[in-house]
Structures are given as C-alpha cells and as structure tokens.
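Along the sequence shown, the residues carry numbers beginning at 1. The basis for the numbers below is simple: all heavy atoms, side chains too, and nothing from hydrogens, waters or symmetry mates.
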Amino acid sequence: MAHPYINRQFYDSIVHFDESKEAQDYYYMVMNTETVRGNKIDTLRTQILRVYAMLFCDDLGLSAGAVAGPDEVEATADRLYIGMIGFDPNHWYRMRYHFPVIDEDNYDRFAALVIADLNAGPLRDAVVDGGQMLLLGENDPLHMTKEQRRHQKVSVISTNLK
C-alpha cells in the first residue's frame, strides 16, 4: 500500500502506542487522514482494512473490496508467521508484537501494524536484506500438531519490495 503516511514513523507509533500519548496521537491522526480513491473520499483506516482483507482474508468469503472487521482480523492474526512456522514468538507475528487480544478496540491497529511493517518496518528490511517473508498459514494453527504445522500449506505475502 503506497501512501506517504505509511512510513517508519507510523510503524513506530503503533509499536509504541501503549507507551506514549504522542504515539497515540500520531497513530489516530494518520488513521483518520482523508484520502481520495477514484471519486470516493475515504480514510486511511478504511484503506488499510481493505488492503488487509485483500491480502489475508481471501478464504473468509469477503466480497471484493470489502473491509476487514474485528472478526476477520482476529481470525487471521494467528495465521501470520515471519520466516518459519511454529510457536516461537520470534516467528509468530501476533506474539512477536504482543497482541494477546484482538477485538473492537485494537483490530485496526493490528491490521495497520502489519501493513506498516510490510511497507516501512523491520519486516520490509528483513525481506529486502535477508529474504525473510511474511507467511499466511492455514486456519486454526493453534490446534494443529507440530507435524501438521510443519507440513501445512502456506502462502507467501509479497509486496514486491526487492
């Protein structure tokens, strides 16, 4: 998602959201920024949730151009892995960024974190420098055995950064 506000400062504001009032203010300023898409005025929040739905919610039955809501973000959050599949908190995206609960209060922040990380965060750097990718695993990895997780079908999420 190309937008001047989807940058490292935005990524940092999400990561430090709970620690800083300034980070919260910046996050809300960016998310509420109006943008024009076609002839329609939208907010950056809506565009981020639309991109998140397109990238991660394909198998949830959303229509084309739909916006991801709390249920869709929560349903996909545990399916995102960085580089390899497993329970290692360094590789499980949601654990790595300390989102123990995804609900009405923070689903858009989690979606924004993923999109900002792909565009301007350490995940982008890992893709460009180290070839580490964001992987989308199958449904319900929490109830898979170690062997099932190791052999599950995954999709590589690419933003063509190289």
Start with the C-alpha distance between V67 and E72, add both sets of side-chain angles, then the distance that settles side-chain contact (heavy atoms from CB on, under 4.5 Å), and finish with yes or no. CA-CA 9 Å; V67 174; E72 291 81 21; over 6 Å; no
Run E74 and Y107 through side-chain contact (heavy atoms from CB on, under 4.5 Å) and show every step you take. CA-CA 7 Å; E74 195 276 330; Y107 78 98; over 6 Å; no
Tell me, with the steps shown, if I14 and D117 meet side-chain contact (heavy atoms from CB on, under 4.5 Å). CA-CA 10 Å; I14 300 167; D117 202 359; over 6 Å; no
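Between the side chain of S63 and the backbone N or O of A66 there is no donor-acceptor pair closer than 3.5 Å. Although no hydrogens or angles enter the test, the distance criterion places no donor-acceptor pair under 3.5 Å between the side chain of R94 and the main chain of A77.
Looking at T35 and Y5, their side chains never bring a donor and an acceptor atom within 3.5 Å of each other. Residues N119 and Y11 have side chains that never bring a donor and an acceptor to within less than 3.5 angstrom of each other.
Shown here are the salt bridge (charged side-chain N to carboxylate O under 4.0 Å, His left out) partners of K40, two or more places apart in sequence or in another chain: there are none. Listed by chain and number, the residues in a side chain to side chain contact (heavy atoms under 4.5 Å, CB included) with D103 are V101, D105, N106 (sequence neighbours excluded). Contacts of S13 classified as side-chain hydrogen bond (donor to acceptor under 3.5 Å, both in side chains), with partners at least two apart in sequence or in another chain: none. Under the salt bridge (charged side-chain N to carboxylate O under 4.0 Å, His left out) criterion, D108 pairs with R45, not counting sequence neighbours. For D71, there are no side-chain hydrogen bond (donor to acceptor under 3.5 Å, both in side chains) partners, not counting sequence neighbours. Qualifying side-chain hydrogen bond (donor to acceptor under 3.5 Å, both in side chains) partners for S20, counting only residues two or more places apart in sequence or in other chains: E22.
Between Y93 and F110, the ring planes lie perpendicular to each other; the angle is over 60°, past the 30° to 60° tilted range.
Taking the six-membered ring where the residue is Trp, the centroids of F17 and Y27 are separated by under 6.0 Å.
Under a 4.0 Å N-O distance rule, the pair D59/R79 qualifies as a salt bridge.
The heavy-atom pair separating M31 from I48 by the smallest distance is SD-CD1, 3.7 Å.
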